[in-house]
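Notes to accompany the following structure.
In the text below, chain A, chain B and the rest are named by the order of the sequence lines, each starting its count at 1.
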Amino acid sequence: MIHSLFLINNAGDIFLEKHWKSVISRSVCDYFFEAQEKAMEPDNVPPVIRTPHHYLINIYRDKIFFVSVIQTEVPPLFVIEFLHRVAEMFQDYFGDCSEVAIKDNVVIVYELLEEMLDNGFPLATESNILKELIKPPTILRSMVNSITGSSNVGETLPTGQLSTVPWRRAGVKYTNNEAYFDVVEEIDAILDKSGTTVFAEIQGVIDACVKLSGMPDLTLSFMNPRLLDDVSFHPCVRFKRWESERVLSFIPPDGNFRLMSYHVNAQNLVAIPVYVRQNISFFESGSSGRLDITLGPKQTMGKTVECVVVTVHMPKVVLNANLTATQGNYTYDPVTKILVWDIGKLNQQKLPNLKGSLSLQSGAPKPEENPSLNIDLKIQQLAISGLKVNRLDMYGEKYKPFKGVKYVTKAGKFQTGKVVPKQSSRLLFDKTK
Amino acid sequence: MSSSSAFNDEKGGSSSVGEPEYGHDPASGGIFSSDYKRHDDLKEMLDSNKDSLKLEAMKRIVAMVARGKNASDLFPAVVKNVACKNIEVKKLVYVYLVRYAEEQQDLALLSISTFQRGLKDPNQLIRASALRVLSSIRVTIIVPIMMLAIKEAASDMSPYVRKTAAHAIPKLYSLDPEQKDQLIEVIEKLLADKTTLVAGSVVMAFEEVCPERIELIHKNYRKLCNLLIDVEEWGQVVIINMLTRYARTQFLNPNINESLLEEGGEKEFYASDDDEDDEEKKAEAAALAKRKPYVMDPDHRLLLRNTKPLLQSRNAAVVMAVAQLYFHLAPKAEVGVIAKALVRLLRSHSEVQYVVLQNVATMTIKRRGMFEPHLKSFYIRSTDPTQIKILKLEVLTNLASETNISTILREFQTYIKSMDKDFVAATIEAIGRCATNIGEVRDTCLNGLVQLLSNRDELVVAESVVVIKKLLQMQPEQHSEIIKHMAKLIDNIQVPMARASILWLIGEYCEHVPKIAPDVLRKMAKTFTNEEDIVKLQILNLAAKLYLTNSKQTKLLTQYVLNLAKYDQNYDIRDRARFIRQLIVPTDKSGALSKYAKKLFLALKPAPVLESPFKDRDHFQLGSLSHLLNTKAGGYQELPEWPDSAPDPSVRNVEVPEWSKCTSRKERKEKKVEKPFYSDSEGESGPTESADSESDSGSRSESDSEQTGSGSESEESVEESQSEEEEDEEEEKMKKKKKVDKSQPKKSESAESDQSSGEEQKKERKGVKQRRSGSESESEEESESESSESESGSEEDSESDTDTRKKKKTPASKPTAKDTKKESKKETKEISLLDLDDFAPTSSPQVTPVNNFLSSSLASDLEGLSLTDTVLAPTTIAPSASVRMYELLHRITGEGLGVEYCFNRQAFSPDPHMVAVQIHFTNNTSCETKNLHIEEPKLQSGMRIKEFPEIDMLPAGESVSVVMGIDFCDSTQAANFQLCTHTRKFFVSIQPPVGELMTPIFLTENEFKKEQGQLMGMNEISDKLTLGEKCQNDHSIIERVNATANLGRVPCGSDKDCSLPVPPPSSPPVSRFAGKTVSSGSLVLVTVARKEGGGAQLTVNCEKMVIGTMLMKDILHALMQ
């Protein structure tokens, strides 16, 4: 299946290579560089590239290209999913998945890759198992190891590998037994210029941090599970019980994991926490434009909207922006043409406003598209869909764990100012001429 | 594999990139700088005694390997450490070995003995890793050693080692393909492995080594289906993909009727001449299919059902695998479930989106309806990467239909203003496609596109021109305005493709713009030399066409252009000019062709078809690399076409004991102790299911019920009652053959709830408290409430029943509605029911035919007399207490009219070939029902119905019984007809258990043996069984057999006392029964020979093997209770 893996940084350096079958020359990456050049942006590099003898399947993550080489038919998603899993594992082990972190831990990376694939076929991808085989680096351990000469590598087969709960390691012990769940919801929405919702939906995840001794069997139930429209689970969740009772029953992996992701039906009206009044106009003459943006809270259920950031991708002809913000501060990058306005907390009384003029490239025609705004925000202690965890029960162990649930709402792909032609207006596709 | 070439490459690469680079490479930093001097220090460290030094050295070496630096000269120093005690050093040495062994084969051999020792190590991790490395060093010399090691590891105790063995198989295969046959043996062995750990890996090996040996899967098919949910994610993907292919070879197309219709429609357009034969075949198949309604193989259903939960997997590859399985295998009505899951994947990483959208694009062409509700999920965001935008656009275009086109077009309008010009161009093309596909919006789109012509961006204009050109070709007459408009554009547009398109349009439709066309040519003639090649060609074209239509004005211009072209640099243009001149300018030399010049140039050109590039991509298995690239990738296995007729399904049958007593079951038990997993209950409900549907036999179903009883409890009732209800219709026939007593109209729910209640009982008995799922308990509650009623009734009954038996032949209590319901429901738990029925009086064969019922004529005589249930019951039905009532029409569905029927085992006097069916109407409404009669029987060929005389009136609250005759042609096919009242019609069907298709005959023992002697071989079916607890004496055997089938007892010499309720223990253990089928009169002989210890031998002889087999099953079933 997966023949080789090359890690390439943004500058085009191949800084790690690993081969699971016979060695493939790194010159194969030239085809990748070619495609990369053609694509202009990393986002646009086709995930699957055909070369005369091989196929390159790549992902772009954390400014690193993971380029895998395969020779024969394999489901592309299989490889893509695996590469993402590798990246997540690096993240898990080293805290972040950057080039520096990988270079610093190159031996552990190599050992990990060796364990994760055998002959190109995934062998162990559960972090609990891998952590038993290869201990994650900590400063303390590396010091101890250098003194005592003990190793980072487990000597016995991880019990999870053989058990029916491969995601959990055996013999877990904690003095503080705790289980925390974060319900994180993201609003994906497109609003038009007048603030009407064109499209809105809520994506949610429940991330768990479970540190419980032994083999606990947890049951998490919701007050209103019918809200959830589409769900996907960590393999530990018993699907049957969800189907029949709408509760999450599972033996958790040890540590951090994503318990479930869900989607709240778009038909339920999605509360939009903020409104935006925007007016960006360009003048035909004088090569300048005006910008006026005001934000205000809308449906926030009494909570404060925090960390509000507005991002505007300006048209190419905008050279600079001369603005004043009543709250927060703004930056305009004339190279990437991105205007970022960091507002912070949204104040009910005094609505933040950003106003000023834009200078355009002289002589260039005025841009026809009004830029749309992307808004980022955060609301603590609120799941915007109204989802509520009812209770968490534990079976199988005697102690009483600490339990906690946290709710956060964020803006996902939250975009406003889209120009959507009304049916009545005489625009492009009207029959009346 | 190009291992050798790769090796060379590496050599070449390393020599050029080799060591000197270290110095220049600032990134390599501290660690590497010390490696510079030919690694002397590293060698030293490796030779030292200290593990810590060795470890440090190895780490540095591995870091070099990771950076792609050549470290091969260290090989001798490293290989010495292969036996190092420190496990981390050892691991790193392994890593190094695997990387360089191929280059240094001789030295690598030094390490082999260490691995061989490792293979014998008591620690499974060491065994496994020794095998891993041994199989990973690509040294041809050790192939035999590897082979041996793999074989040994394949039967290792540890499943982890076996998994490693499975991984080693493809490695060895790629090293030496000649080992294939031996490897297949190992694969075969490992395929039979029952642990989830091995399953994924061995299927992977199967796919790499011998994907064509599909027959190896047969025996493991059901196991794989059932294990699937517990296999790790990666294995699931491989197994699902393989099973998709398997299912395509083994099952019938569930959409066969529909797809034939489709094809019929498309044939005219796409069929090429050479596949006419194929078509004929297909037509035949169609005819076949029409005659035989499609029945889904239970194994096919099993696969669909067991994969469905995986749509909820977090792993995109698994979701995609299930989605493609459903797309390729599921009946059309069920494919829809995958849409939601696929839409979910669209929120994942952009690479995942890219692949999923490609597949969705292909799916939307065949099944648009599936994604239509999710239209908005494909709306494009300004932040999407261009490649994603374009794919989404493709999907939106495919989804466009009359109903949603206005929404989509409005969406498209916003896209046109995007800053991403590639995307704008794609949008314009998409608009063009919508316009060609949907006639209503063609004008609107065209107008819109024309307005785009005044767009400032040239790319947009150019793309619009190209698309307009295509659209105009469809109806040029009405659009001379647009053509004029475009003619004006030629002054401004610079994009060659657009210029060429305009010129072509003007040339093609020059008669619509007679004034403008020559002028355009004039302008073009001026700029000819500066144009691009494609534009020049179109100028020539325009000139030629104008010359032919309007030579007066353009003759000179044309000559001029042709002259210019004659000296062009491009030979294509020179050629074209020469060619055109010969054609259009008549000279004395130019031959016959010039006469046809007009025809050649001004022929009507068909409008281009704007098609999706994803059309017909679905002949590649979706989700595959080949599908994504739209070309066959190496190692791609074609997705086979559906077979015309299904191969023998029995190949998938597995030996029962092996299955039920296999280790996996033990494991399951362990599992259960540990954690009652959804998956294992699933896993267990699976086998039950499958075993259930296997064609044989009692012993199995017993073990089943054990399994379910202990494990999955009524898990089944949840899943099955849903899915099975759907599938019931399709499967009905299939199942009927197998489980005749299941085959009542009410069957699906009753059988199911019954089972669960049965299990419920069992569970209670065992006192096992297990967690139940909600809907499960719901369904249980229901069934409990239902059955508890009936059970309380039945318990009483059974008590009273023993009483009555003692008290002799008092007519058994009349079958209450509950009772009959219960009866019809019972199938596994028949035993108690049969006991209910006081069978004693009818147990003697002589009695059975004679005194069971009143004759039909008498029954109908009584109709008038019997006014109430109570009156009627004792007189007409009471003696038939042993007869089961089946429900024909429930009083709820019948709007107050309840109808039941039974087989009263009477000869049907009007036609001896018919089976008499007694029908009992009860009017539960408050008003009278009139004109009860039968209409429009829909029967299988050969079947006939003799209707009962119309019942003029049935007063409110009263009941009446009538008798009708049905000739079932000795099959258990249902007779369908309509039951009509003066106001309503109800579709009903009567389906006979096989036992009711016969009538008893009297034979002596000698006659019996003689007849039996003639019905040997194929006509004889025989099986051993263990008699049920309550079925240990002859009396009960006879009772059971008689209850199951309408047969006469054959008296035997010393068996005179058989009519006694309790036969003396000395009675010979052989009971014989004889009968003939009602319709064709074929003999049916049944022998039950009891043996010591509760065993018995059951033999059925019958000319009609189908009848024999089914009867065998039923009797077995009855006796084992």
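With salt bridges taken as basic N to acidic carboxylate O contacts below 4.0 Å, none links B/Lys163 and A/Asp118. Under 4.0 Å is where a charged nitrogen must lie from a carboxylate oxygen, and between B/Arg314 and A/Glu81 no such pair does. Classification of A/Glu186 and B/Arg347 as a salt-bridged pair fails, no side-chain N sitting under 4.0 Å from a carboxylate O. A salt bridge does not link B/Glu102 with A/Lys21: every distance from a Lys NZ or Arg NE/NH1/NH2 to an Asp or Glu carboxylate oxygen is 4.0 Å or more. The pair A/Glu115-B/Lys91 counts as a salt bridge, with a side-chain nitrogen and a carboxylate oxygen less than 4.0 angstrom apart. Ion pairing of B/Lys59 with A/Glu111 is absent here, as no side-chain N (NZ or NE/NH1/NH2) approaches a carboxylate O to less than 4.0 Å.
Residues satisfying the salt bridge (charged side-chain N to carboxylate O under 4.0 Å, His left out) criterion with A/Glu73, sequence neighbours excluded, are absent altogether. For A/Phe121, the ring-ring contact (aromatic ring centres under 6.0 Å, His included) test picks out B/His167, with sequence neighbours left out.
Residues A/Val106 and B/Ala66 approach most closely at CG2-CB, 3.5 Å, considering heavy atoms. Considering every non-hydrogen atom in both B/Arg138 and A/Trp20, the closest pair reads NH1-O, 4.2 Å. Taking both residues in full, the closest heavy atoms of A/Ala189 and B/Arg381 are given as O-NH1, 4.0 Å, listed atom of the first, atom of the second, then distance. Taking every heavy atom of both residues into account, B/Leu625 and A/Ile70 meet most closely at CD2-CD1, 3.9 Å.
Neither the backbone nor the side chain of A/Arg258 comes within contact range of chain B; no heavy atoms are under 4.5 Å apart. Proximity to chain B (any heavy atom under 4.5 Å) is restricted, for A/Tyr55, to the side chain, taken from C-beta onward. For a residue to count as touching a neighbouring chain, one of its non-hydrogen atoms must lie under 4.5 Å from one of that chain's; by this rule A/Met40 does not touch chain B. For A/Ile59, the parts sitting under 4.5 Å from any heavy atom of chain B are the backbone and the side chain alike. Residue A/Leu259: no heavy atom, backbone or side chain, is found under 4.5 Å from chain B.
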Go through the steps for A/Asp230 and B/Arg344 under the test salt bridge (Lys or Arg N to Asp or Glu O under 4.0 Å), then give the verdict. CA-CA 8 Å; A/Asp230 179 46; B/Arg344 177 189 343 123; 2.8 Å; yes
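If you run side-chain contact (heavy atoms from CB on, under 4.5 Å) between A/Asn44 and each of B/Ile388, B/Thr386, B/Asp422, only B/Thr386 comes through.
In terms of non-hydrogen atom pairs under 4.5 Å with chain B, the most contact-rich of A/Leu7, A/Asn58, A/Val79, A/Asp43 is A/Asp43.
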